[in-house]
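Inspection log for the structure reproduced underneath, given as structure tokens.
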Amino acid sequence: MINFTHYLPTRFVFGRGVENQTGELVRALGATKVLIHYGGGSAVRSGLIARVEASLDAAGVKHVSLGGAQPNPRDTKVYEGIELIRREKVDFVLAVGGGSAIDSAKAMAHGALYEGDFWDFFCGKAKPEKSLPKGVVLTMSAAGSESSDSCVITQAATKTKRGLNTELNRPLLAIMNPELTMTLPPYQIACGATDILAHIMERYFSNEPDCDLTDRLCEGTMQAVIRAARVMVKTPTDYDAASQLMWASTIAHNDTLSVGRVKDFASHQIEHELSALYDCAHGAGLAVVFPGWLRFMLKKPEKVMRLAQFAVRVWGCEMDFEHPEKTAALGIDAYVSWLKSIRMPVTFAELGAREEDIPYLAKKVKRPNPDGTVGKFYALNTEEIEEIYRLCL
């Protein structure tokens, strides 16, 4: 294991009805005026926003609201939120929703205290040095943004999707009632489960040796997600399955499962270009990209044993010690079968992506490595990124 520092400032309040504690929990964090940021009309129609507002009123906490968060959150909404925060002298940002509302809220909280353009943080021109405190009332199990150091925003004019990692992204409060996820359509539940699994896989595929503890934590969490997703897409009101997915979404992306190891995250960067260009769901894009990435890695002899371990420990494949590449291939097949079983797209055509766009997509992929490549498990150049996209056809 490599050296690590792991710090989580987030307080998790989990269970039935906990959204009714929002006011007292936010007030305990020093909030006097809250911006409630949420997505579409479902949060209003369900009565959730009214319950949150009533809880804040009962606690004596003032509030203003801003709806309109949407999948692949846009910079345009962030600018609107920053202006509202400044005008209303808001001192706490509360996201009510899933990853899109949470990521928008994070960007607003940073931008409100920054004299320049908040996009500077996402294009690498500046790093946030301060941010407003923030909390979450979670309604979708997927992104894990409720306690992660990550935030992803799309620049609408250029269709450029970029992420920002900073400890300032971590909310101080995550209010998590699994019942709030039960009204989601099965497709959104499946997209969320796919994203959760991908977050774990980005950590699991690491070159760091002797990480058996986090390997086992990853494997157990992946198996729990696989089982719970199968149940919940058929029976969204199953509280136990909803609970498993909600907590898995949190630990999958707050670095609990990545301490002592190096994360990859090439597949996420490759997918970001799909959801930026085609505005598809992030989880659906990952369902297409990750099998392609695995098939590419199967061609690398030095990576085969890791893929075979994934096949055996996560998917229950029998190990062929003479031909581990066959075992690894069976694991990829099992993963794709699971994606199909929860009705996720697994090809470019199913996603609505176009083969002729591949060169454009590959060139736009963010390259965080100093040598202009992406990925830590295996560093990918432009030609190799194109190959992965073509393996998704």
Side-chain angles (χ1 to χ4, degrees), residues 35-39 64 66-95 97-136 142-146 148-171 195 253 265-266 268-282 285 357 360-370 372 374 385:
L35 170 64
I36 304 170
H37 181 48
Y38 61 94
V64 293
L66 177 63
Q70 57 189 129
N72 303 310
R74 313 299 201 271
D75 61 338
T76 48
K77 183 59 64 174
V78 175
Y79 290 123
E80 187 179 347
I82 290 171
E83 194 278 330
L84 181 59
I85 289 169
R86 290 172 176 170
R87 185 177 71 244
E88 294 289 338
K89 296 181 172 54
V90 164
D91 57 16
F92 191 96
V93 182
L94 180 70
S100 297
I102 301 168
D103 282 7
S104 290
K106 289 178 178 181
M108 293 171 191
H110 304 333
L113 302 184
Y114 179 59
E115 293 184 359
D117 185 342
F118 91 92
W119 188 254
D120 291 348
F121 303 141
F122 291 81
C123 67
K125 288 184 179 178
K127 294 182 179 180
E129 296 180 355
K130 53 186 177 179
S131 183
L132 288 173
K134 45 207 157 283
V136 176
S145 196
E146 60 272 10
S148 77
D149 69 349
S150 176
C151 173
V152 181
I153 301 293
T154 298
Q155 189 177 53
T158 64
K159 294 187 177 180
T160 299
K161 189 173 183 178
R162 290 292 180 261
L164 170 70
N165 292 90
T166 169
E167 288 300 311
L168 292 173
N169 274 331
R170 297 194 192 270
D195 194 12
H253 204 34
F265 272 87
H268 267 69
Q269 299 297 348
I270 293 170
E271 190 290 320
H272 282 169
E273 299 311 320
L274 293 176
S275 48
L277 182 60
Y278 305 116
D279 201 25
C280 61
H282 176 54
D357 292 333
Y360 169 81
L361 292 163
K363 287 178 182 177
K364 281 200 74 179
V365 170
K366 184 179 179 181
R367 319 298 171 84
N369 295 341
V374 59
I385 295 169

**Report entry** Polar side-chain atom of N169 near backbone of L164 as donor-acceptor pair, under 3.5 Å
**Finding:** yes
Mark yes or no for whether D103, through its side chain, and V152, through its backbone, hold a donor-acceptor pair below 3.5 Å.
yes
Interatomic distance, OH@Y114 vs CD@E129, rounded to 0.5 Å, equals 9.0 Å
Correct closest heavy-atom pair for A69 and A101 would be CB-CA, 3.7 Å
CG (N72) and NE2 (H282) are apart, to the nearest 0.5 Å, by 8.5 Å
Shortest non-hydrogen pair, K366 vs R162, comes out as CD-CD, 3.8 Å
For L113 and L132 the tightest heavy-atom approach is CD1-N, 3.6 Å
Rounded to the nearest 0.5 Å, the CG atom of D149 sits from the OG1 atom of T166 at a distance of 7.5 Å
Residues at least two apart in sequence or cross-chain that pass ring pair (Phe, Tyr, Trp, His ring centres under 6.0 Å) with F265, listed by chain then number, are H253, H268
The ring pair (Phe, Tyr, Trp, His ring centres under 6.0 Å) partners of Y360 (sequence neighbours excluded) come to none
Sorted by chain and number, sequence neighbours left out, salt bridge (Lys or Arg N to Asp or Glu O under 4.0 Å) with D120 holds for none
| said: Looking at K161 and Q269, would you say the former's side chain and the latter's main chain have a donor-acceptor pair under 3.5 Å? | reply: no
Check: Taking the six-membered ring for Trp, are H110 and F121 parallel (under 30°), tilted (30 to 60°) or perpendicular (over 60°)?
Finding: perpendicular
Heavy-atom nearest pair, E271 first then C280, reads OE2-SG, 4.0 Å
- Should the pair D357-K364 be classified as a salt bridge under the 4.0 Å nitrogen-to-oxygen rule? no
Can S150 and S148 be counted as having a side-chain donor-acceptor contact under 3.5 angstrom?
no
Review point. Is there a donor-acceptor pair closer than 3.5 Å between any side-chain N or O of H37 and the backbone N or O of L66?
Key: yes
Quiz prompt | Side-chain donor or acceptor of K134 paired with backbone N/O of L168 under 3.5 Å | solution = yes
Rounding to 0.5 Å, atoms SG (C123) and CZ (F118) come to a distance of 10.0 Å
